[in-house]
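Here, residue 1 is the first one in the sequence, and each next residue gets the next number.
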Amino acid sequence: MTAQHPGTVIHPPQQRDQWWRDAVIYQIYPRSYASSGGPLGTLPGITEKFDYLEKLGVDAVWLSPFYVSPQFDAGYDVADYRDVDPRFGTLADAERLIEAAHAHGMKVIVDIVPNHTSWDHKLFREAVLAGEGAPQRDNFWFRPGRGEDGSEPPTDWLSSFGGPAWSQVKDIPWVKGTPQEHEETWYLHLFDRSQPDVNWESPAIHGEFTHTIRFWMDRGVDGLRVDVAHGLAKDPALPDWPYKVEDVRYNPDVNVPPAPMANQPAVHDIYREWRAILDEYGRDRMMVAEAWVDTEEDLARYVRSDEMQQAFNFEYLSAPWRA
């Protein structure tokens with residue numbers, strides 16, 4: 001699309017198979033963007049605004065999560081990656097939104113959240129309720145505690161939201177009344193305790209997300225914004241790392257050793273797997289990494305020819321202002 005106001009070309013036409021190179025991408029937070037009559041924003045409300053977005057010169061919209069979620073972390077705690085939260089509409093509304101965007105010459109990018117699920121996701125529920133030692137638990141990071149009575153977290157890792165990055169099964173609200181209501185096993189969550197980290201060494205996790213990617217590609221989605229793209233792979237030894245994860249850079253101090261839960265080499269195998277799937281749908285499908293890494297060299301590894309097409313440039317957030 002060439003966006004125009006009367007007599008003015010905003011930016012030149014794009015290469016259609018690499019539209020992301022010069023596209024104007026507009027983020028939409030569904031909860032607050034546009035209502036279709038109720039107190040919250042909805043997918044139909046967004047769809048009604050495409051005439052306006054086209055006049056702005058927007059080439060693509062990036063939708064923050066609209067999936068089924070208990071909303072402990074603004075929808076980044078996903079309970080079902082392949083359905084729409086009733087707060088925002090229905091799957092049919094999502095399909096109409098994608099169709100309307102394309103009719104206005106715009107692309108659609110959706111968030112995918114592959115580092116963690118909600119504790120309400122069926123895979124985590126199954127893992128917890130299967131009990132200690134069950135194979136379903138290999139889909140997440142369950143570990144016994146340290147100390148004589150197992151009352152200390154398995155590692156000293158800290159959550160980005162504060163406090164330990166480990167919580168006990170017995171403290172999950174919905175285990176009350178189940179055989180696990182007194183279980184003291186710990187599970188890893190680098191963010192909120194309602195967001196258990198998935199274990200990417202598990203084939204079932206690969207299957208869950210390749211299914212999800214195909215689900216949305218089949219519905220016409222043009223791109224994926226990959227949340228916490230640096231965090232999927234962990235050092236399986238789970239070594240201690242007594243440092244706080246900082247925004248913008250994981251290790252702002254050069255004397256801090258590399259984080260065992262971030263920017264591990266194995267993460268790139270996942271994105272090669274995903275890129276092959278996207279390429280099946282054509283060379284005009286893309287991924288962009290939300291990768292918080294330490295150096296530009298680290299970031300460049302996410303945008304190699306067989307991985308992602310783009311990565312957020314967080315250098316701008318930490319750069320000093322000089323006129």
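A salt bridge links R272 with D306: at least one charged nitrogen is closer than 4.0 Å to a carboxylate oxygen. E280 has a carboxylate O that lies under 4.0 Å from a charged side-chain N of R214, or vice versa, which qualifies the two as a salt bridge. Remark: R146 engages D240 in a salt bridge, criterion side-chain N to carboxylate O under 4.0 Å. The existence of a salt bridge linking D51 and K55 is excluded, since no basic side-chain nitrogen approaches an acidic carboxylate oxygen closer than 4.0 Å. Taking 4.0 Å as the cut-off between side-chain N and carboxylate O, R225 and D227 count as a salt-bridged pair. Note on R96 versus E99: no salt bridge recorded, every NZ/NE/NH1/NH2 to OD/OE distance being 4.0 Å or above. Looking at R219 and E95, a side-chain N of the basic residue comes within less than 4.0 Å of a carboxylate O on the acidic one, giving a salt bridge. Checked for salt-bridge contact, D120 and R125 meet the test: a charged N lies under 4.0 Å from a carboxylate O.
Of the inter-residue distances, the one linking M261 atom CE with L232 atom CG reads 14.0 Å to the nearest 0.5 angstrom. Here I25 contributes atom CD1 and W20 contributes atom CH2; the two are 10.5 Å apart, rounded to the nearest 0.5 Å. From R137, atom CZ reaches atom CD of E132 across 6.0 Å, with rounding to the nearest 0.5 Å. Here the NZ-OG1 distance, from K234 to T155, works out to 11.5 Å after rounding to the nearest 0.5 Å. Interatomic distance, CG of D85 versus CG of L40, reported as 9.5 Å (0.5 Å rounding). The CD1 atom of I213 lies 11.5 Å from the CG atom of D218; values are rounded to the nearest 0.5 Å.
Residues Y271 and A229 share a closest heavy-atom pair of OH-O, 2.6 Å. V24 and G57 get closest at one heavy-atom pair: CB-O, 3.6 Å. Scanning both residues, S35 and G37, for their nearest heavy atoms gives OG-N, 2.9 Å. Here the closest non-hydrogen pair linking R285 and V221 is NH1-O, 2.9 Å. Annotation for T90 and L43: closest pair O-CD1, 4.2 Å, computed over non-hydrogen atoms. Between G177 and E181 the shortest heavy-atom distance is N-OE1, 3.1 Å.
Follow the hydrophobic side-chain contacts under 4.5 Å out from L56 and you reach W19 in the same cluster. The cluster map of Ile, Leu, Val, Met, Phe, Trp and Tyr, joined by side-chain heavy atoms under 4.5 Å apart, puts F124 and L129 in the same cluster. A single hydrophobic cluster is seen to contain both V61 and L91, as judged by linkage of ILVMFWY side chains at heavy-atom distances under 4.5 Å, directly or through other members. Criterion: ILVMFWY side-chain heavy atoms under 4.5 Å apart, direct or through other members. Under it, I270 and Y281 are part of a common hydrophobic cluster. Cluster membership for Y243 and L238, using ILVMFWY side-chain heavy atoms within less than 4.5 angstrom, is shared.
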Apply side-chain hydrogen bond (donor to acceptor under 3.5 Å, both in side chains) to the pair T185 and Q168, showing each step before the final yes or no.
CA-CA 5 Å; T185 305; Q168 290 180 293; over 6 Å; no
Stepwise, does the side-chain contact (heavy atoms from CB on, under 4.5 Å) test hold for E307 with H268?
CA-CA 7 Å; E307 294 189 43; H268 298 288; 2.7 Å; yes
Are V113 and V228 close enough, and set up right, to give a side-chain contact (heavy atoms from CB on, under 4.5 Å), and what steps lead you there?
CA-CA 7 Å; V113 188; V228 195; over 6 Å; no
Apply side-chain contact (heavy atoms from CB on, under 4.5 Å) to the pair D235 and W241, showing each step before the final yes or no.
CA-CA 11 Å; D235 182 338; W241 191 75; over 6 Å; no
Chi angles and distances behind the side-chain contact (heavy atoms from CB on, under 4.5 Å) call for E184, S151:
CA-CA 8 Å; E184 296 183 347; S151 63; over 6 Å; no
Step by step, would you call T295 with D298 a side-chain hydrogen bond (donor to acceptor under 3.5 Å, both in side chains)?
CA-CA 5 Å; T295 68; D298 288 332; 3.2 Å; yes
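Residues M308 and R275 have side chains not in contact (no heavy-atom distance under 4.5 Å, counting atoms from C-beta outward). Under the 4.5 Å side-chain criterion, counting only non-hydrogen atoms from C-beta, D284 is in contact with K107. Using a 4.5 Å heavy-atom threshold, the side chains of S118 and P70 count as touching. For the pair V128 and F142, the minimum side-chain heavy-atom distance is below 4.5 Å. Side-chain contact between V108 and D222 is present, with at least one heavy-atom pair separated by less than 4.5 Å. Side-chain contact between F314 and W292: present, with at least one pair of heavy atoms (C-beta onward) separated by less than 4.5 Å. For the pair V78/I112, no side-chain contact is recorded, criterion being any heavy-atom separation below 4.5 Å from C-beta on. Under the 4.5 Å side-chain criterion, counting only non-hydrogen atoms from C-beta, R82 is in contact with E208.
Not less than 6.0 angstrom separates the ring centroid of F72 from the ring centroid of F191. The aromatic ring centres of F88 and Y67 sit 6.0 Å or more apart. Aromatic pair W166/H189: ring centres not closer than 6.0 Å. Two rings, from H230 and Y302, have their centers 6.0 Å or more apart. For W216 and F66, the distance between ring centers is under 6.0 angstrom. Taking the six-membered ring for Trp and the full ring otherwise, H121 and Y81 have centroids separated by under 6.0 Å. Aromatic ring centres of F312 and W62 lie closer together than 6.0 Å.
When atom types are taken as modelled, the side chain of R21 and the backbone of Q18 share no donor-acceptor pair closer than 3.5 angstrom. Side chain of W174 to main chain of W119: a donor-acceptor pair is present (N/O by atom type, distance under 3.5 Å, no hydrogens or angles). Although no hydrogens or angles enter the test, the distance criterion places no donor-acceptor pair under 3.5 Å between the side chain of W157 and the main chain of P164. Counting only distance, with no hydrogens or angles, the side chain of R193 and the backbone of L188 share no donor-acceptor pair below 3.5 Å.
When only modelled atom types and interatomic distance are considered, Y76 and D111 share a side-chain donor-acceptor pair under 3.5 Å. Side-chain atoms of D197 and N115 include a donor-acceptor pair closer than 3.5 Å. Residues D73 and Q195 bring a donor and an acceptor atom of their side chains to less than 3.5 Å of each other. One side chain, S36 or T42, offers a donor N or O that lies under 3.5 Å from an acceptor on the other. No side-chain donor from either of T210 and E273 sits under 3.5 Å from a side-chain acceptor of the other. There is no side-chain donor-acceptor pair under 3.5 Å between D77 and H116. If you check the side chains of D138 and S202, you find no donor sitting under 3.5 Å from an acceptor.
Annotation: H182, atom NE2; neighbour count of heavy atoms from other residues, nucleotides and ligands within 6.0 Å does not exceed 12.
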